[in-house]
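Naming convention: chains lettered A, B, ... in sequence-line order (proteins, then strands); numbering from 1 in each chain.
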Amino acid sequence: MSPSTATGRAAGAPAAAPAPRPARPARPGRRRASLAGLWFVLPFAALFAVFLVWPMLAGLWTSFTDRSLASPGADFVGLANWREMLGDSAVWQSLWTTLVFTAISTPPLVAIALAMALLTNRAAAGLGWFLRLSYFAPFLLPVAVVALIWEWMYQPGFGMVNGLLTAAGLAEVAWLTDQNTVLAAIAITTVWWTVGFNFLLYLAALQGIPSYVYEAAALDGAGPWQRFTRITLPLLRRTTGLIVLLQIVASLKLFDQAYIMTNGSGGPGYAARPAIGYIFEAGFTGLRVGYASAISYLLFAVIVAVSLVQFRLFSRKGETA
Amino acid sequence: MRTTHPTAPPAPGRRAFLAGGLAALGLGLAGCGPADTVLSGRRRLRQWNLFTGGDGARMVQMHEDYRREHPDIDFEPATFLWGNPFYTKFAMGAAGGRAFDIATLHVSRIRGMGAGTLIDPVPTDLLAEHGITRDTVLANVWDKCTVDGELYAIPLDTHLVVTYYNREVCERAGVLQADGTLTPTSGEDAFFDVLAAVREVTGQYGIAMDTTQPWRQFWSLYRQLGGEMTFDGDLVMDDDKALRSLDFLRRVSAEGLAPKASDAPGTPANFQNGICGLMWAGNWEIATFADAGMDFGMRPFPDVYGAELGQGDSHCFVLPHRRAPDDAAVAAAVEYAAWMLKHSITWAGGGHTPAYLPVTRGDDYAALEPQSEYRHAAADVQFDPEAWFSGSAAPLQNEANAVMSGVHNGSVTPETALELFKAAARKLLDTPEPV
Amino acid sequence: MSAATRTPRPPRTAPTGPPPAAARPRRLPRPTPGGVLAAVLGVFLAVVWLMPLVWAVLTSLKPEAETTAVPLRWLPLEPTFAAYQAVIERGDLQRWLLNSVVVSVLVTALTLVVCVLAAYAFSKTEFPGRAWLFALFVAGILVPPQALIVPLFDQMSVLGMVDTYWGVALPQVVAPVMVFILKRFFDAIPRDYEEAARLDGAGHLRVLWSVVVPMSGPVLAAVGIFTFVQAWNNFLWPFVATADPALMTVPVGLGTVQGSYGIQYAQEMAAAVLGALPLVAVFLLFQRHVVRGVTDAGLK
């Protein structure tokens, strides 16, 4: 928030300089309603309607049919898909997988990002660009590149991760082929890949805290830890809330890396098949578009519900802070 | 250190102009086909395949020859990752109706992939003009390509899971015969003795197998025991035989004779780097080791439970359903397929047994090594059970692989794996057929 | 998201607050123990974060046989560019890069045009249904497009847009959050300017182009950069919408199409390095802009 409001002001600032017009006592009415605005909205509205609203409505209808990718047309089957979905353990397993992934990936994605931002903010200015580059660079890699690198690193025998483990005298881990570790392995990869984005948000927020706040606190005799817990963390609260919100929603949409790193198999025991993975599989691999549409709405509802709850919590925190 | 940047809006300079130019370029191209083939006037023929193993190298070699003989065709092959990724793309590409002109497929998947909806019938008259008829290819495979009296696929080969052996390692382990081939074994214990002897030499493991896709091993062993699996209304299978096969997988890893975890790319790597002296894998890996200059041989899948039977399938060519009919494209695709069949001696070099009889009856084929060591097993390849959800990389195999891979690393007992498999298979049986 | 509607708290009121640090003579940072520790920890973390990239680059320089050698070695014994040569000769990657450029530029350009027009309309004009429509778009922010891939693909295949550039690009243009960001920014531009121009007889398009757009450089850059990075790295939708490898973007091509020579790690890593290069290069060149673009748009 802080940078965008900051730049917002910055751009607004020159506007203030060249003599603000004396506010006209009586505006010539409110802006007159005209159709011009409608024309301006039209292109976006058209795309919005065709690629968002329409698939949403059509998909809802499809979920009541036996539509298949392999044949044209479809028959109405009532609630059959929805009933099947509620009794389909694979649906719940994939949702559970998504939730577990969200739960294990979000804390490190927030905590490590914060640590990185604090270190970068604190380290000598000359190091700044290097740290920023190192932490953020992975975020710029296409997911396929990330997956290729990590699949290769996780290889038993000749991969780097196990090489380091054995060099340290530890046992090898069959990262991607053991159903107990595959999701964690994907979470580690995800942290490495995307933490840089959260890091940048934190860094921007940290740099928005004026140094006199700290100086005043230091004069009052607050130690570094106190300054961190009493000043930095509270001032970052809103940024943290935002990052957690963005992160949870992003984690709930897990698919790309899980799909590529398990070669589309979902991993041993389907331990790494997230909700979108199952939707993809039901619809495109299993050809059952109708059934996949029904599951889509379940996930859709979960994501919207989580976003709304979070949004409420996070706004309330903002008000009381 | 504060960076509240009071930036002036950057002037729309050179960069903006460049971006505008690129955008215009993009807009111009977006309506047409892919950016770099727009200007080509030749007939475009897009082939899709799933050959990422050593057999892929043979296909590339054949395609080079094909291109040389067909200068008028702009030939574009594309290789997808074997399994779900390929079949998913196949279905989506065929549903989109414009992605490709011809594709390879497993014969076991023709029904499940929508013969008649996603896959168009092959014009047999056109094929006969090129000399391909039921009389010139393996008749049993030809019949498997036929659904409701219509031919939906052109068979290229049959293939199966076999045993690879590292000659140097096996010699030191004393498991070779006088002629330098692996000593055939009979029975479970005899085979385990061989593995133990090989492990003595490698110091690590005896045999490598893909533990993430145990279905091939499972089905081979299960069929050796005489196990059947049918899906007429309900799943019928032999639990005792299945448990015995699964316990073999558990034991071979638990006793340290095979890695607990070895995935599709890792398995040939583990054979090549000498961690294992033997490997169970499809015959298609042959080219990988031949090209690497390894001294190796091949045998049929060993007789563990009574016969040298191995799980297998057959590759074929299919024509995707077209949104807009295009006879010229179909003719070019059929001509391509016929050309590939006739030149499948190169394909045989990759380990598969060609379906086109004039090739397999020729002297060139008889002279191929080590293909001759397992050739006789190809005639008795064990196809997957019959169901729309069965076949190579089909849901049944995926379910089996997902639950059975735990048997190797000990996270699941054979009993649990079997229960999970049966539950998954029954669920598939209850799933409305999408084709 | 809600920053605009909330009263900024003290640290954020920099322009009106007490004289910021910049007003005082800049202190030279003296190395404190804390600073040194931070630098050491920071560099350590950076090394950990760079290690996979270094490993990928080193692997790409090995001959294929060395890549699976046990025990593993970091440095190639016989460094070679053979893997790069093989990848480039195959030619797929160049095509995917071109596709990525076409798609990302298309998405970015269209997003900017379409969203700026809509944001202007919501910010500066009055028309029937305005509030209702804006509410609808804001609600659209909540819609996770990833959950809609199946219905969307079904619709695209009915429209015959599967395996076309438009099919890949257009759904990515629907980013209601960008309309929201732009509108909030436009709201901050004093109305006097636009009204002066209107009095001079300028139409809306003219006002937008010569008054609003020139004053919105930073936000346009932020939206543009963010959209471009998103489009460049987007996997799921392009993956669903393209089956023809000739139309794939870099992430999709690398993730689905394989070299037909068996798994060759050196080549895979070479392809990964080459595929990652363009955006990393852009980042190195325009580090500041990219960082700001990503944070501004990301912070919604």
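Heavy-atom distances place both the backbone and the side chain of C/Val43 under 4.5 Å from chain A. Residue contact with chain C, scored on non-hydrogen atoms closer than 4.5 Å, involves the backbone and the side chain of A/Leu38 alike. Of the two parts of C/Leu148, only the side chain, counted from C-beta on, holds a non-hydrogen atom closer than 4.5 Å to a non-hydrogen atom of chain A. Heavy atoms of A/Leu298 lying under 4.5 Å from chain C are absent altogether. Heavy-atom distances place the side chain of C/Val240, and not its backbone, under 4.5 Å from chain A. Contacts between A/Glu151 and chain C at a heavy-atom distance below 4.5 Å are absent for every atom of the residue. If you measure heavy-atom distances from A/Phe255 to chain C, the contacts under 4.5 Å come from the side chain alone. Only the side chain of A/Leu127 comes within contact range of chain C, judged by heavy atoms closer than 4.5 Å. The contact between A/Val50 and chain C is made by backbone and side chain atoms together, counting heavy-atom distances below 4.5 Å.
C/Phe122 and C/Phe127 have tilted rings, their planes meeting at an angle from 30° to 60° on a 0 to 90° scale. In this structure, C/Phe239 and A/Phe280 have parallel ring planes: the angle between them is below the 30° cut-off, well short of the 60° mark.
Ranked by non-hydrogen atom pairs under 4.5 Å with chain A, the options C/Thr111, C/Leu205, C/Val173 are led by C/Leu205. In terms of heavy-atom pairs under 4.5 angstrom with chain A, the leader among C/Leu152, C/Asp154, C/Leu254 is C/Asp154. Considering only heavy-atom pairs separated by less than 4.5 Å from chain A, the leading option among C/Ser157, C/Gly129, C/Ala175, C/Ala119 is C/Ala175. Most heavy-atom pairs under 4.5 Å with chain A, from the set C/Ala271, C/Pro171, C/Pro278: that is C/Pro171.
Take A/Leu164 and apply the side-chain contact (heavy atoms from CB on, under 4.5 Å) test, not counting sequence neighbours, and it matches A/Met160, C/Met51. Applying the side-chain contact (heavy atoms from CB on, under 4.5 Å) rule to C/Pro52 yields the partners A/Ile149, A/Trp150, A/Met153, A/Trp192; only residues at least two apart in sequence or on another chain are considered.
Nearest heavy atom pair, residue A/Val304 against residue C/Leu142, reads CG2-O, 3.9 Å.
Two residues are said to be in side-chain contact when any heavy atoms from C-beta on lie closer than 4.5 Å; C/Pro176 and C/Cys115 fail this criterion.
Between C/Gln172 and C/Asn234, the side chains place a donor N or O and an acceptor N or O closer than 3.5 Å (distance only, hydrogens not considered).
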